[in-house]
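Read the structure below first, then the notes.
What you see below is based on every heavy atom in this structure, not just the backbone, and it leaves out hydrogens, waters and symmetry mates. Each chain gets a letter, A, B and so on, in the order its sequence line appears, and its residues count up from 1.
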Amino acid sequence: MHDINFIRNYPEEFDKSLQLRFLDPVSNKIISLDKSKREILTSSQELRFKRKTISSQFAKSDDVEKSKLQEEVRLIKEKIDNLENELLKIDNEIHLILSSLPNLPDQDVPQGKDEDDNLLIKTVGENPAFDFKPLAHYELGENLKMMDFDQAAKVSGARFVYLKNDFAKLERAIANLMLDTHTNKFGYTEVNPPNLVKDSAAYGTGQLPKFSDDLFKTNSDHWLIPTAEVPLTNLHLETTANEKDLPARYTAWTPCYRLEAGSAGRDTRGMIRQHQFSKVELVSLVKPENSNEELERMLNCATSILDSLKLSYRIMLLSSGDMGFSANKTYDIEVWVPSESKYREISSCSNCGDFQARRMNAKYKCNDGNIFLHTLNGSGLAVGRTLIAIVENYQNKDGSIDIPDVLVPYMGGKKIISLK
RNA sequence: GGACAGAUGGGUGAGUGGCUGAAACCAACGGAUUGCUAAUCCGUCGUACUUCGUAAGAGGUACCGAGGGUUCGAAUCCCUCUCUGUCCGCCA
């Protein structure tokens with residue numbers, strides 16, 4: 001949600017920023033709506049004042065005067081009702097426009113149309129050299145009988161998978177490594193949040209009103225979370241935090257549910273793109289002046305997992321056209337996937353500025369008053385894709401898979417996954 | 001799912017039609033004082049919007065879970081909804 005005052009004060013700048021997202025200018029329209037809104041509001045407030053003044057004379061009036069006063073108030077009330085109706089209409093219109101506009105890109109963000117314009121920040125690690133043709137994770141998994149897409153299709157349809165045996169355990173091990181790292185080493189508070197949320201929460205983080213097509217909805221009118229970002233960030237929905245409780249850092253391991261409505265035909269093989277996947281999420285709520293450095297810190301928390309797993313990856317700064325709705329700046333972390341000979345997104349870390357906080361009404365109290373927080377979120381990391389990366393990067397010629405050293409304790413001492 | 005009770009400012013909580021944007025206490029903040037890890041005293045202390053003003057500031061409107069209604073006038077009366085608590089039923 002945008003600050004209407006900012007649009008009032010800097011309309012050209014606002015439209016210019018929207019243009020980076022390939023959107024038409026709207027400040028003119030918003031400002032003129034806002035202007036008539038305030039005119040109506042002022043007259044309605046004056047009328048209310050008048051009504052209040054008249055009413056206060058009522059008790060000390062005689063009967064003739066009383067009926068006169070009643071009539072007067074009745075007329076005023078009619079006027080107020082009309083104004084309020086108009087006000088409501090305009091307000092809704094403004095709100096709809098404002099809540100459908102994405103966040104404005106930060107000045108660091110490269111201008112561009114899509115992922116081709118993303119900026120490579122750095123590449124870390126060495127891609128493994130195989131003396132055989134590396135298999136894809138789904139081939140390895142099916143050969144090991146630890147990934148079952150066929151049965152999942154029968155039971156649940158496309159884009160689902162059964163993980164079994166050591167793969168199921170590996171997924172749990174990966175998540176535990178991530179959670180332990182983020183809580184013990186980086187000070188995040190572990191949370192086990194609700195996986196179903198109401199409209200207001202989905203609105204707060206920006207999934208609604210524009211992206212309902214991407215979400216699963218229950219028959220109780222709940223939304224299945226597409227990411228733990230939603231319930232974690234909304235821990236601050238309609239709250240005013242104390243300054244001393246900041247920064248607030250939360251991490252959670254949850255399933256994520258996505259309809260993938262717009263990606264028919266993409267990544268249909270394997271478990272790159274599923275309707276349900278698990279992810280360890282990082283969320284920070286910080287004072288405005290700290291959000292830039294918090295983004296760098298968060299990025300570092302996420303990459304440290306890949307470092308400890310000895311997986312190679314690269315960091316991309318997303319271009320203005322490739323960023324998500326709520327973000328003003330986003331880093332993607334992409335891990336090396338040998339079977340595809342390319343890097344694939346495994347984490348996305350975003351600074352949302354006060355964009356979500358305005359929608360959620362999430363503030364903190366300080367000497368200067370109550371101020372909107374800045375919110376950040378990042379995957380730390382996508383667990384399913386981490387499993388893919390491990391399976392493919394650590395595969396051996398015989399189809400077995402070495403377990404990265406750091407995960408061995410989490411696998412009960414097991415060092416290799418192979419056909420039983 | 002059934003029955004009853006409740007929802008007031010950061011917290012506890014008073015308030016059943018006009019004198020209530022809201023007592024009191026606690027917390028917080030500012031100050032004073034006392035030589036003893038604190039006490040006492042004084043003061044300040046909700047939010048949003050808006051009008052006037054260069055500004056400091058001065059006015060106004062709205063908000064007592066949400067939305068409707070009654071009334072000249074609603075935190076207070078009525079209706080609907082949401083949430084919370086307790087008991088019963090069911091249940092991982």
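- Taking the ring centre of A/Phe58 as origin, the terminal cationic atom of A/Lys66 falls inside the region bounded by 6.0 Å and 45° from the ring axis.
- Residue A/Lys37 is out of contact with every strand shown, counting any heavy-atom pair closer than 4.0 Å.
- For B/rU70, there is no paired nucleotide, since no Watson-Crick or G-U wobble pair has both relevant distances below 3.5 Å.
- Counting all heavy atoms, side chain and backbone alike, A/Val283 lies closest to A/Leu285 at CG1-CD1, 3.9 Å.
- Nucleotide B/rU76: unpaired (no Watson-Crick or G-U wobble partner with both distances less than 3.5 Å).
- Of all the residues in residues 72-86 of chain A, A/Val73, A/Lys77 reach under 4.0 Å from RNA chain B with at least one non-hydrogen atom.
- When RNA chain B is scanned in the 5' to 3' direction for atoms under 4.0 Å from non-hydrogen atoms of chain A, the outermost contacting nucleotides are B/rG18 to B/rG73.
- The stretch residues 1-8 of chain A comes close to RNA chain B through A/Arg8, each having a heavy atom under 4.0 Å from the strand.
- Looking at residues two or more places apart in sequence or on another chain, you find a side-chain contact (heavy atoms from CB on, under 4.5 Å) between A/Ala152 and A/Phe160, A/Tyr162.
- Under the Watson-Crick and G-U wobble criteria, each requiring two contacts below 3.5 Å, nucleotide B/rG53 is left unpaired.
- Pair assignment for B/rA5 gives B/rU84, based on Watson-Crick or G-U wobble hydrogen-bonding distances that are each under 3.5 Å.
- With hydrogens and angles disregarded, a donor-acceptor distance shorter than 3.5 Å links the side chain of A/Arg21 to the backbone of A/Met323.
- Within the shown strands, nothing qualifies as a pairing partner of B/rA23 under the Watson-Crick or G-U definition with both distances less than 3.5 Å.
- Looking at A/Gln151, its side chain never comes within 3.5 Å of a backbone N or O of A/Asp148 through a donor-acceptor pair.
- Between A/Phe211 and A/Phe325, the ring center distance clears the sub-6.0 Å criterion.
- If you look at A/Phe14 and A/His2, their ring centroids are closer than 6.0 Å.
- Nearest-nucleotide mapping onto RNA chain B: of A/Lys363 and A/Arg51, the residue sitting toward the 5' end is A/Lys363.
- Pairing for B/rC63 is with B/rG46, a Watson-Crick or G-U wobble pair whose two hydrogen-bonding atom distances lie under 3.5 Å.
- Of the nucleotides present, none pairs with B/rA14 by Watson-Crick or G-U wobble criteria with both distances under 3.5 Å.
- Remark: side-chain polar atoms of A/Arg297 are paired, donor with acceptor, to backbone N or O of A/Phe186 under 3.5 angstrom.
- At the heavy-atom level, A/Lys66 lies nowhere under 4.0 Å from the strands shown.
- Partners of A/Tyr203 under the ring-ring contact (aromatic ring centres under 6.0 Å, His included) rule, at least two apart in sequence or in another chain, are A/His95.
- Between the P atoms of B/rC42 and B/rC26, the separation comes to 11 Å (whole Å).
- Base pairing of B/rU40 is made with B/rA32, judged by Watson-Crick or G-U wobble geometry with both donor-acceptor distances under 3.5 Å.
- Remark: A/Arg38, A/Leu41, A/Thr42, A/Gln45, A/Arg48, A/Phe49 in residues 38-50 of chain A come within less than 4.0 Å of RNA chain B through at least one heavy atom.
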